[in-house]
**Student:** 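Take this structure first; my questions come after.
Letters go in sequence order (proteins before strands), and every chain restarts at 1. Just so you know, these numbers use all the heavy atoms, side chains as well, and skip hydrogens, waters and symmetry mates.
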Amino acid sequence: MTIQPTLRKLLTIVCEAELENSLLREFAHHGVTGYTITEARGHGAHGTRDAAWPASANIRIEVLCEERVALEIVESLQEKFYQNFGMVSFLSDVQVLRPEKF
Amino acid sequence: MTIQPTLRKLLTIVCEAELENSLLREFAHHGVTGYTITEARGHGAHGTRDAAWPASANIRIEVLCEERVALEIVESLQEKFYQNFGMVSFLSDVQVLRPEKF
Amino acid sequence: MTIQPTLRKLLTIVCEAELENSLLREFAHHGVTGYTITEARGHGAHGTRDAAWPASANIRIEVLCEERVALEIVESLQEKFYQNFGMVSFLSDVQVLRPEKF
């Protein structure tokens, strides 16, 4: 077996779609250039957000990075967005190939 | 670092889209109000379900909650749906901010 | 509690949508028949891929399987696709019901 998986954090953020550009700026600021976005809809403390209404749709963004970077991003999101926007963030441990990409 | 991540379970369910309302009732019954849904398509023991055919599309639902609640929900899903519907559930450990929301 | 969760690997692959059939053949070759696909868009080393441009959209595929199978699939993907295509794979530990399905 030639694979050497490396541990990284998977940071998942679910939030209002209109925050996408702000989040991408946050990622870039922390040196994270790779991300994956899927359209989502859901319900939380801020009420149901239906993806049939684009202005109120959610996005689900995933980022792979080192733990330190993940926590810095989450801390920044907490300061900037949690008060005024519906946003959920969670971290999980994953094994990746090509750790140098993350 | 001011973040104090807390461990929670991420419960992911992939099933036929027509089960959405039943699942939301299950969640509410167990005190879970927050969830995220993405449209999905896939293949399992019940055959390929193509999202181009809405009546047979799948949904992928994610819920963050305490382990006890996650297991109760999964047990209920197993009793009610596994026999007659294509459904996959899995649990993973995640760290969250705002644990009081979950 | 009658549930006996079993540990499996969740293999997540994010790649160009045109690789879907190749990936499904890989899965079948390794005895994996179940998978879930969601449409995605994102940015990585190969530039932004916008799902509004179907020819360059991404897909996010999830597969549940035993660790040995997951690593074999990842090794095969690395050999066949990593050089020429934007592809990200990661593994995480999950608990599943119905382990015999995976």
**Student:** Using a 4.5 angstrom heavy-atom cutoff, name the option from C:I37, C:T38, C:V94, C:T36 with the most pairs to chain B.
**Tutor:**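 Sorted descending by pairs with chain B, the first entry is C:I37.
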
**Student:** So which part of C:I61 gets closer than 4.5 Å to some heavy atom of chain B, the side chain, the backbone, both or neither?
**Tutor:** neither

**Student:** For C:L7, which atoms come within 4.5 Å of any heavy atom of chain B: side chain, backbone, both, or neither?
**Tutor:**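 For C:L7, there is no contact with chain B at all, as no heavy atom is under 4.5 Å.
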
**Student:** Identify the two heavy atoms, one from C:Y82 and one from C:V88, that lie closest to each other, and give their separation to 0.1 Å.
**Tutor:** OH-C, 3.9 Å

**Student:** How are the rings of C:Y35 and B:H43 set relative to one another: parallel (under 30°), tilted (30 to 60°) or perpendicular (over 60°)?
**Tutor:** parallel

**Student:** Strictly distance-based, threshold 3.5 Å: is any side-chain N or O of C:E16 a donor or acceptor partner for the main-chain N or O of C:G86?
**Tutor:**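 Pair found, side chain donor or acceptor close to backbone of C:G86.
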
**Student:** Please report the closest heavy-atom contact between C:H30 and C:V69, naming both atoms and the distance.
**Tutor:**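 Closest approach of C:H30 to C:V69, heavy atoms only: O-CG1, 3.9 Å.
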
